[in-house]
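Inspection log for the structure reproduced underneath, given as structure tokens.
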Amino acid sequence: MSSDDDRLDQPYELCAPAVISDEVDGEVLAIDLEHGIYYVVAPASAGVWRALTTAVPPRTIVADRSPEAVTAVLAFLDRLLGAGLVRVATTAAALTAPVEWAGGPLELEAHDDMADLLGLDPIHDADDTHGWPTPREG
Amino acid sequence: MADAPGGLTPAAWVAAAHARLAATAVPLVGACWGPARLRHRSARPEWFTPFDAAWARPVADVDVAGDVVGTAAARAPGAGPALDLCSGAIADVANTLGPPPRGDAVVAIGRAVHDGTVSAWDRASGRAVVLRTGPPDEYEQVTPLRPLVHWVALACGGVLVHAAAIGRPPRAPSDPPTRPARGVLVVGDAGFGKSTTTLAALARGWITAGDDAVMVLPVRTGPDGTAVPGTRWTAEAVYAAVKTKVGAAHPPPVGLPTRSWVIGGRKWVHRLTATDGRTLVDALDLVGVVVLDPGAGADAPVRRVSGARARTATAPSTVGALPDHQTEVLTRIGAVCGARPAFVLPRRDALDRTVADLDDILGAANDHMDPRVDVVIPVHDGAHLVGRALDSIVTQTAGRLRVIVVDDASTDDSVAVVEDWRARVEAAGHALVVHVHPENRGVAAARNRGLEGGDHPFVAFLDQDDRWTPDHVAVLHAALTESGADAVHGRVEYRTIDGSAPPAWTRPAWFAEDQPGHVFGAGLFRRTVFDRVGRIDETKGMFDDVDWYLRLLDGEVPPVVVERVVLERGVHPANQSRGSTRDHAGLLGSVRAHLARTRAAAPLRPDVNAPVRPDVNAPVRLDVVVPVRNGERFIGAAVASALAQEEADVHVVVVDDASTDGTAALVAGWADSRITLVRLDRHRGIGAARNAGVEAGGRPWLGFLDADDVWPPDRTARLAAALTATPAAIAVGRVHATVDPEGDPPDPGTVAALPAAVLAGGILARRSVLDRVGPFTEDLRVGEFVEWLARARLLGVAEVDVPVLALIRRLHPDSTTRTGRADYGDYLRAVGMVRARTRTATETETR
């Protein structure tokens, strides 16, 4: 187990392509295509999600914040790592804007109600070069 | 297993008796019963030779190893049990061996003393022994060895039914070769006209698979040896005789290949002697059940009735003729009657009318078996694949299909290949329609085009690289019909289309075991579901089916799941990508829409990290009446399962019917305010115990749980939800019987195919029903619930059938329904009381 200091300096990124995500009206939706579980990150927590999935080191997120904030971000990071949503990134990204986070609780909702359906059928991994009738691009 | 006085186990006794008889036995004619083969040798051929002429499927030549040879071999399936029977006189063995030991009454070994005959079968060795005190009488000569035939039926997942099986011969050669001849099971008590009806039908060109006793078998059985959901059922011919009353209005049949004689001065025996398949056939594919009703009035219409009605008509005379295993017999009769449409046929004033009605019934049952389905096959550059897909269509065992191929601007000769298949599709009794999209519009648009191109009540899909299993339509249609749902899907098995090893990009789990089938090709849909859920979204790319299923699952009527493989999915070996960015955007949009629908349905969620659940209703306030007599071994689990009911506020009333074991002390020791113990002063029976329990409670809902059964935790909430949604007063769930002492539940996906739990333990009722219907009859040892429910029905109390597992019956040697032949008298009496009331009610109506 690495120390908190090491983890604060470590950049992380989204586990693409097994995980896909997007954001609408500030709320993040992420789907783990391997296991069919989908996750919701509320708008209040979305800034931290954005930073942690785009190689912004946690130390940058918690700069000038309280020790409770450090604990909260590391706990949130643990949940993302535990769920297999993020992984260690090789290079850190430069932060171009302040992390939007008012300091409230960081929440990750996990839903497995559609796991059978979203744990995807391999045919969805096929492209249109082998007779599968998908529309041609363009 | 108890030992015999001489220290022999049942199997050893069978072996010893068999060896003793075999020393002097001579070969007689054997037989095929369904998949089973009988080899018959007898130490008393002068007694047993008349059996030779009794068989519908005789096997004349048996070689030394017991294998069937000669002309009959081709008709003898090899997969079933092989019985090596030695028959003789009790005196041939009894002096040295003693009587057969009493052993566990399990199918692995049958043993019965019935009608003066000792029958035993050790299934493990195949050895069977039949001993008599004297020669068989004339009745037994024409329908011999019933206990053995009965045990074989059980061992094959079926049941020996008191019924006739008749059908129409195939209209060769145009009929599809994959379809066996179809027929109906004709049931009713002795004297109701089964044999008369059979002979009348035969005289008009129909065929039969037996009269009086017919072996009804599932075509497919699961690992536990019982029928799998949606299986076909066949009537297997056992005996060649049709018996009618002497002096009845009709003469012995004219023009039929029969030999007729009178036995006992009372019955004509007409032995069907033709083996050309035009009168007596080996088997019929059962498509319906016909309940003969001599009391309905000669001009009353044919009526479609419930499976429960057919079971009630079939059970008493079937059970009464068999020596043991009554619980299994009742369960299996229920399974057959629940799986096929049932009709009541009143006695007509002319046999021509009877046969004309049968013709209509068979036609209606065939329609039921052969649902009209539009099958949409989108094709794009699939010339090398689509033949495999179409081949899986023409080999379907059920359904009249309209195959709608939508070619999505193929650049190869896909359309020509499809046209090459037209003759084969049409020869199988199906239709073929081809639409061509000049521009490539994608699979979703092709599916929608196919939907628009049909008007059949059912819709299914098949992709060009996939194959249906042969029973795809049969299994899924049965599940849809039995559940009332409007969508069903089964499971999917993955294979590479060229048989190569799974490509590296696939997940090992896909090939290790079959997978849930949330894909269009693994489903069957009522056409109306597309009005409710909407068309297929053409903007979702390759996730069009995920999007549609999300919408379906969010609707009010969930799809039914069948835990059977119905689709073989073809995976291409090439290394391929994981879909486009545009497709992923579509998927995220679909899940976001699902999330919004879920939130609208359940705005408050106590734990944001918990999976989303539907809104919960207020707890159901319930009295659970648990009658018990000498049930200390089992009552703990029963009461625990009642107290563990989810979303329910449970009060358990244990009524101890003067147990002589430690039951009362055990229950009294449970210091739990939710449990009330009522002790009857003397043994007063099940009906009195139920009544005492009802009186001791006062809650608005009532359930009954017998001490040796258990409830699944969600049954009360789910039955209550169904009752709340309808004006019915009694909810009837489904029952699963198990010999497992732990009472493990079945696979959830098979619940819809379980028999309706028309048992006290399988219902949930409003207390007001008891006020209206009155108490249980107290002088019936068994059958009291049947009698009570029949009274409720006569009063117009409505029931709702809920496809939810409501009761797990733990079968053990002490189960009330299995103990003692004397109880059957009460069961028959209960049925008699019901009939008397029904007649009175009918007469009152007609006055």
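Sequence lines set the chain letters: A, B, ... in the order given, protein chains first and strands last, and positions in each chain run from 1. All values reported here derive from a predicted model rather than from experimental measurement.
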Problem set entry | Engaged part of A:Val40 at the chain B interface, taking heavy atoms whose separation is under 4.5 Å | side chain
Exercise. Nearest heavy-atom pair of A:Leu29 and B:Leu595: which atoms, and what distance?
Worked result: CD1-CD2, 4.5 Å
For this session: Decide side-chain contact (heavy atoms from CB on, under 4.5 Å) for B:His584 and A:Leu33; before the verdict, give the C-alpha distance in whole Å, the side-chain angles of both, and the deciding distance to 0.1 Å.
Result: CA-CA 10 Å; B:His584 284 162; A:Leu33 296 171; 4.1 Å; yes
Exercise. Side chain, backbone, both or neither: which part of B:Asp554 has a non-hydrogen atom closer than 4.5 Å to chain A?
Worked result: side chain
For this session: Count the heavy atoms belonging to other residues, nucleotides or ligands that lie under 6.0 Å from CD of B:Glu452, then report whether that count exceeds 12.
Result: yes
Exercise. Would B:Val591 and A:His111 count as a side-chain contact (heavy atoms from CB on, under 4.5 Å) if you check the C-alpha gap in whole Å, the side-chain angles of each, and the deciding distance to 0.1 Å?
Worked result: CA-CA 11 Å; B:Val591 174; A:His111 299 263; over 6 Å; no
